[in-house]
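What follows is a set of notes on a single structure, which appears directly below.
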Amino acid sequence: MPRRLLVTSALPYANGPIHIGHLVEYIQTDIWVRFQKLRGHECRYMCADDTHGTAIMIRARQEGRSEEELIAEMQAAHERDFAAFDIEFDNYGSTHSEENRRLCGEFWAAIRKAGLVKEESVEQLYDSQAGTFLADRFVRGTCPKCKSRDQPGDNCSVCGHHYAPIELIDPISTLSGAKPEIRSAPHLFIELEKLHGFLAEWTQADEHLQPEIANYLQGHFLGEPLRDWDISRPAPYFGFEIPDSPGNYWYVWFDAPIGYVASTQQWCDRHGEKLERWWKSPDCEIHHFIGKDITYFHTLFWPGMLKTAGYSLPAKVHIHGFLTVNGEKMSKSKGTFVKSRTYLDRLDPSYLRYFYATKLSSRVDDLDLAIDEFVAKVNTDLVNKVVNLASRTAKFVEKTGLSAKYPDDGGLFAAAAAAGDEIAEAFESCDYSRATRLILALADRANPFVEENKPWELRKDPASAGRLQDVCTIALNLFRQLAIYLAPVLPKLARQTGELLNDPITSWDQAKKPLVGTPVAKFSHMLQRVEEKDLHAMIEESKPEIGSATPAAANVGATSPAAATPQADAASAAAAAPLADAADKWNDPGAPLAAEPLASQCTIDDFAKVDLRVARIVSAEEVPEARKLLKLKLSLGGGVYKQVFAGIKAYYEPQQLVGRLVVCVANLAPRTMKFGVSEGMVVAAGSGNEAFLLTPDEGAKPGHRLH
RNA sequence: GGUCCGGUAGCUCAGCGGUUAGAGCAGGGGACUCAUAAUCCCUUGGUCGCAGGUUCGAAUCCUGCCCGGACUACCA
């Protein structure tokens with residue numbers, strides 16, 4: 001029984017190009033859509049560019065052109081990239097469309113009618129020079145808590161404190177450099193709390209969400225009253241003006257998800273379909289694929305909007321994690337922030353589609369692209385195993401075509417056909433890593449068959465011509481099964497296989513019945529091996545121009561030789577420890593070392609990360625409620641101070657510490673403790689039940705670094 | 001600090017109450033030469049993070065701890 005499925009990916013923002021991180025989602029979704037279509041379901045894939053908001057407005061202004069011109073250019077680039085990666089939307093729209101404007105009005109009217117809208121005045125920073133209110137990202141200033149300068153508009157990078165932009169001391173607009181003023185303006189809010197009961201139920205019911213997400217929402221948001229959602233922005237703003245609130249615009253996150261519906265509307269108009277059949281029919285399943293960063297919008301606001309406006313709720317919101325490269329966050333300076341263009345210049349899109357497939361599961365975990373793993377997977381799995389099957393047999397049957405009757409293969413084809421259900425289940429549940437594993441296991445059975453039947457020997461004897469044709473018919477049918485199962489992941493390989501065997505791949509069930517009697521086309525390579533050097537070149541190309549990073553690197557180099565010596569000494573001393581040394585008349589016992597053996601070796605670079613400084617304790621006080629902590633104020637000289645909570649209450653009296661020099665870890669990430677922020681650490685020797693602070697020799701000054 | 005996820009072979013992972021813990025890759029040995037230096041056969045390698053508990057039986061369930069990651073921040 002065919003299902004009706006409407007599938008979406010999150011709308012990419014029109015402010016930047018598509019990169020390999022975005023592609024995790026579009027590839028994941030496209031595989032799922034292609035799988036559903038291959039299974040014979042009525043499935044449509046909708047997406048659009050997300051075009052509204054301050055960022056677009058500002059950028060258009062900076063580039064001296066209209067927003068419309070900017071978003072048209074970005075959209076063309078996005079669509080080109082998606083097409084190059086074989087991501088096939090049924091409709092790709094824009095949130096800046098008449099369909100979307102009309103639907104936003106419809107949703108809005110319903111929300112108004114349900115009594116969910118209220119108006120409140122909001123104070124925001126206003127840049128009178130640029131003539132606009134400032135979103136968080138366009139403001140910098142001094143942190144109201146720790147007083148660090150030049151911090152972003154939402155939270156402090158030094159102490160981690162969160163605040164509103166208007167709390168910043170000496171705020172500066174990053175648009176004009178002007179000092180913004182505080183202005184208040186009326187904003188419209190949706191009172192989401194009125195939908196609390198519905199959302200609490202919906203998020204927990206019927207596996208609409210992955211269990212970890214449902215659980216997270218319950219604990220994180222639904223455990224307390226839902227906050228009102230500020231969905232309007234005063235002019236100037238690039239978006240849709242709210243019909244019953246002139247001068248105010250819908251916030252981009254209001255109109256963006258409605259863009260899913262608007263995109264479907266465009267598709268419907270083109271195909272003579274009714275929107276209701278997709279968005280208001282209980283027979284249609286709506287599936288959203290999104291990244292974990294926008295969970296909040298898609299699992300609370302959006303279902304609330306749909307429910308209120310009388311639209312279908314999602315059958316499932318599939319949430320994925322982020323891409324990391326070589327185990328780290330994508331980084332522009334490391335060149336791992338690879339744009340799809342840069343990738344396409346050097347590599348085959350099939351590689352990335354396959355690699356992501358082998359890494360994706362139904363969970364929200366981040367996904368890592370490790371360069372050597374990428375190369376190994378693509379070459380061994382796809383080229384050496386899968387494509388190799390065709391590559392080593394097709395040319396033997398170029399002249400004869402496939403046998404007219406499928407020969408006895410000892411049950412290989414039937415076994416692979418039977419595996420189809422399990423593979424399909426894995427695709428259905430978005431567990432593509434499992435699907436690809438199951439498929440590759442089939443390839444591992446097909447190659448030995450070729451090995452045992454030696455077509456290269458059969459071809460030498462004209463009397464074996466029939467057997468040769470049979471062996472190759474079997475091998476190519478086993479190959480074709482793999483191509484069918486991999487078709488959602490590798491549409492190009494499926495097309496090539498269809499051409500090779502003169503029978504297009506259009507349905508999952510084709511894997512159940514052997515193909516016989518068709519001509520076989522001349523074989524040409526289906527997929528090139530991937531070269532590791534191309535990946536490295538791609539990463540090099542993604543790095544920004546050489547800039548300010550150089551002095552830092554030189555600095556590290558300069559400290560290395562000096563610091564290398566003590567390390568070498570420590571290592572040799574440790575190695576010599578078991579031997580008696582005549583010069584050592586102290587015979588210190590081995591207990592302390594034995595109690596805490598040496599840590600694993602570290603490099604000089606590792607050591608250089610830790611900035612140890614001489615510091616003076618200028619004040620020390622008890623923290624009455626704390627069992628172990630003393631609150632210390634350390635001076636690094638020149639008026640630089642650090643507040644540190646040290647776990648030495650049991651061993652030192654505060655007054656005996658004041659004035660003395662100690663060694664502190666000066667670049668330790670600040671940590672908010674129960675009694676305040678600790679901005680460093682004082683080093684001390686000792687096991688768990690004793691502590692001895694270190695004091696430098698005479699002459700050391702606060703601020704001296706330890707090398 | 002809290003919440004969630006994870007820790008199984010050198011690497012990526014499967015197994016998630018029932019023979020002696022598996023696969024692929026990498027490593028070692030051999031075979032083959034049709035194939036994109038591909039393939040095939042054999043093989044080395046593991047106190048399943050640690051410690052308790054439940055059970056006839058635990059990698060698997062429970063508790064505590066340690067480590068890694070994600071999210072979040074006076075807070076579920």
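This is a predicted model, so every value here is computed, not measured. In what follows, chains carry the letters A, B, and so on, assigned in the order in which the sequence lines appear, proteins first and then strands, with residues in each chain numbered from 1. Atoms considered below: every heavy atom in the structure, side chains included; atoms not considered: hydrogens, waters and symmetry mates.
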(message) On RNA chain B, compare the nucleotides closest to A:Arg392 and A:Tyr216; which residue's is nearer the 5' end?
(response) A:Arg392

(request) Using the closest heavy atom to pick a nucleotide of RNA chain B for each, name whichever of A:His525 or A:Pro448 lands nearer the 5' end. (result) A:His525

(request) Just name whichever nucleotide pairs with B:G52, Watson-Crick or G-U, keeping both distances under 3.5 Å, else none. (result) B:C62

(message) Let's see if you can work this out: which of B:U39, B:C5, B:C32 has an atom nearest to the side-chain heavy atoms of A:Arg363?
(response) B:C5

(message) Side chain of A:Lys359 only, heavy atoms from C-beta on: which candidate in B:U12, B:C71, B:C34 is closest?
(response) B:U12

(request) Summarise protein proximity over nucleotides 21-31 of chain B in one line of letters, 5' to 3': B for base, S for sugar-phosphate only, - for none, counting protein heavy atoms closer than 4.0 Å. (result) ---SS------

(message) Just to be sure I understand the rule, does A:Leu527 reach a base, reach only the sugar-phosphate, or reach nothing, if contact means heavy atoms closer than 4.0 Å?
(response) base

(request) Would you mind pulling out the nucleotide paired to B:C11, Watson-Crick or G-U wobble, both distances under 3.5 Å? (result) B:G24

(request) Go through the steps to decide whether A:Asp366 and A:Lys292 satisfy the test salt bridge (charged side-chain N to carboxylate O under 4.0 Å, His left out), and finish with yes or no. (result) CA-CA 9 Å; A:Asp366 286 352; A:Lys292 63 184 179 184; 2.8 Å; yes

(request) Among the candidates B:C13, B:U39, B:U36, find the nucleotide nearest to the side-chain atoms of A:Arg529. (result) B:U36

(message) Return the pairing partner of B:U39 with a 3.5 Å limit on both distances, Watson-Crick or G-U wobble; otherwise return none.
(response) B:A31

(message) For a quick test of reading the model: is some side-chain N or O of A:Asn388 closer than 4.0 Å to OP1 or OP2 of B:U39?
(response) no

(request) Please check if any side-chain donor atom of A:Asp348 sits under 3.5 Å from a side-chain acceptor atom of A:Ser350, or the reverse. (result) yes

